[in-house]
Amino acid sequence: MVPPQPTPSAAVPSHSYELLDRRVQQWIYEKGWTQLRDAQERAIPVILGGADDVIVAAATASGKTEAAWLPICSALLDHQAEAGVKALYIGPLKALINDQFDRLGQLCEHLSLPAHRWHGDVPGSRKAHMLRNPDGILLITPESLESLFVNHGPALARILAGLRYVVVDELHSFIGSERGAQLQSLLHRVELLLRRRVARIGLSATLGDFTAAADFLRPGRAAAVKVISSDDDNAEIRLQLRGYVDSRPPRNPPPRITTAPLLEPQEPEDASDESVARVAIADHLFSALRGRDNLVFANSKAAVETFTDLLNRRSIANRVPEEFVPHHGNLSKELREHVESRLKDRSMPVTAICTSTLEMGIDIGSVDSVAQLGAPASVSGLRQRLGRSGRRQGQPAVMRLYVTEDEINERTPPADMLRSQLVQTIAMVELLLEKWYEAPDTADLHLSTLVQQILSVIAQRGGAQPGQLFDALCGAGPFNRVDKTSFAALLRSLGRHDVLSQSTEGLLLAGGLGDKIVNNYAFYSAFTSPEEYRLHANGRNIGSLPVDYPIAPGMLLIFGGRRWKIVSIDNRQKVIELTRSSGGRPPSFSGGGGEVADTVRQRMKQIYHSTEVPRYLDQVAQQLLDQGRSAFHRYHLDNEAILDWGNDTLLFPWRGDRIMNTLAATFTSHGLEVGQDGVALTVHGTTGKALQDLIDELSVSQRPSPVDLAAKVPTKESGKYDAFLDEDLLNVAYAARSFDVAEAWSSLKSMTPSRPQS
DNA sequence: GACCTGCTGCGGCGTG
């Protein structure tokens, strides 16, 4: 006799489980789950309610996506008869959408709920099928959703007719960026199209600021967003900060990689001009990481290539398998997928040397340790990187940080004497341990993305009245910080550039240039990308290279962890043909960096003042910290902000980059020549006395308007469509994005010696 | 000294 089967409801006894549809319970039961995870338990009743916007903040691999899908699928089963797509999932990466599609697919199949994915790599036939049979769940990128508005505008209301939920995955990756502004606009336009509100569900593992995240998810109604934060991430953290002193080898003059990305042939062994510190770091990485799975984060693509090459040559010299592989955004999809599959495969140890490409997204499980080469760019990035290790039960998160400072000689500038890279790294580690993260930067007006959205709404509706556009995008929309006057100026500016034209009835249409822009596939993204050459080797595409310096056949190159020689360059097809070689140099990539936060700089000053030595410093790092503190006191930076340095004067405000930028622009507008150099401003050709006089004068003067200050900055274009904006608009945008006049003035006041009232 | 992400529609051709 067969023993009675336990019912699904007996398998996972909990209140939330009981709320789920019987078919979803059945699926959970068949998966063999014995209980729901904390995030799931708490998210299910809220999401099933269907009316609330929700943020689910929980560590990766904590069942966060199921916390959304179990109740969503459960709710959708009640509305299967309705037409149209019922849930949208928006993901920042194609690879993430593919991952989710595979995982969600099992559940959906069990429930007979259709699931579709839509991004650039999905075949047109699948897309056509979705358009004919819109139903179930649609997994899509923001860019592809944009393309639906542009190319299927009239049909979109029908396609999305049954929409009840929008899920935004990796919510943090969108906040504050042009892409985030685009996403907000798309979500708002979906609701305008359907003439009703649709519940939004944001998922993230690293949100530093729930209020900012809620305000991003539902602008203006952040207080109503329900936040489910599941903090069961208490893995032990093991840190080591290793210091290195770089001395140039005795060759004259020392060649510098940054000035000559591709050099003539040279000896294949460790180039004799390779920095002493790099060689020592590579030696340590080789001995510490080999035989295990690790991620090594470098701060640039060039550094990724350099270290992969150094490590591979150590593998060859030691006759051991090559375990070190590069991963960055310019490598071909094939090479990157190869690295990703090697990381997922536990049978062979592998260490990926990477940029931020492996910070988030695809699920590569947990690695044994993480290394950071050079001072981290941000505390939140550091947290994200650390979180890649220690994700298996009972395993600590292990991170080694490698910081290099230059050897001191008679010409060493004060910023290097201060060992500021090391101190910045310590400040960031301390803040990380205190669970502080940078607040997302939401000051930008995103005018470039507003231009894109104006063109998109016009394409969607076949034209629009200026008032309609303002209402749809600015008034109640996500660009609500752009007022009517600025919006009118923006439209006029676009008209002058032939981006927009206006019919005699006042209807706005795309102009000649606007038409070309909308009808090119590059229109759908809100961000720019440089023109690049494809790199071919033996008929295979191995990646791409921005070419903004002279190149010629015969030149050598390190790329994808291997050494190459350029055979030919096809300027028309934009293809560089390569062949294997024994020498080479890593290429140079140009790109923007991050902004060091105010809190980090203020913490740096505290560290200089303190005598405490963090336990995670190795011996060299301790010596470097000691040297930095000695220099700090020797320069009297504990009491003074100004330091005479030859013909120049250095200013140390110990404030974030935005405030430093505001101070620099202020001094420039008073006729001074100012350079921004990490922790210091270098004021050229002036004395400390003269600078102090100016600071005293400024601190009691009226603060300038940020927009007037921006008018004096020569280059202000940064967004994709900034070229179509008039100077006045660029000034407003630049001021919002790059200045903090109030804090800059408070900094000036603090650098004024307090004088007794006479 | 400086990262990452994304991308339509259509015509033409070959194959089952």
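Only this structure's heavy atoms are used, side chains among them; waters, hydrogens and symmetry mates stay out. We name chains A, B, ... by the order of the sequence lines, and we start the count at 1 in each one.
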In B/S/- notation, 5' to 3', how is nucleotides 4-16 of chain B contacted by protein heavy atoms closer than 4.0 Å?
SBBBBS-------

Residue pairs passing the salt bridge (Lys or Arg N to Asp or Glu O under 4.0 Å) test with at least one member in residues 174-187 of chain A, sequence neighbours excluded, are Glu143(A)-Arg179(A)

Applying side-chain contact (heavy atoms from CB on, under 4.5 Å), can you list everything that pairs with Arg132(A), at least two apart in sequence or on another chain?
Ala128(A), His129(A)

Considering residues at least two apart in sequence or located in another chain, which fulfil the side-chain contact (heavy atoms from CB on, under 4.5 Å) criterion with Ala213(A)?
Ile55(A), Leu171(A), Ile175(A), Leu207(A)

Could you work out, with ring pair (Phe, Tyr, Trp, His ring centres under 6.0 Å) as the rule, every residue matching Tyr524(A), not counting sequence neighbours?
none

Test of understanding: with ring pair (Phe, Tyr, Trp, His ring centres under 6.0 Å), list the residues that count as partners of Tyr734(A), not counting sequence neighbours.
Phe739(A)

Between CD of Gln372(A) and C1' of dC3(B) the distance, given in whole Å, is 12 Å

Rounded interatomic separation in angstrom, taking CG from Leu373(A) and P from dG1(B):
16 Å

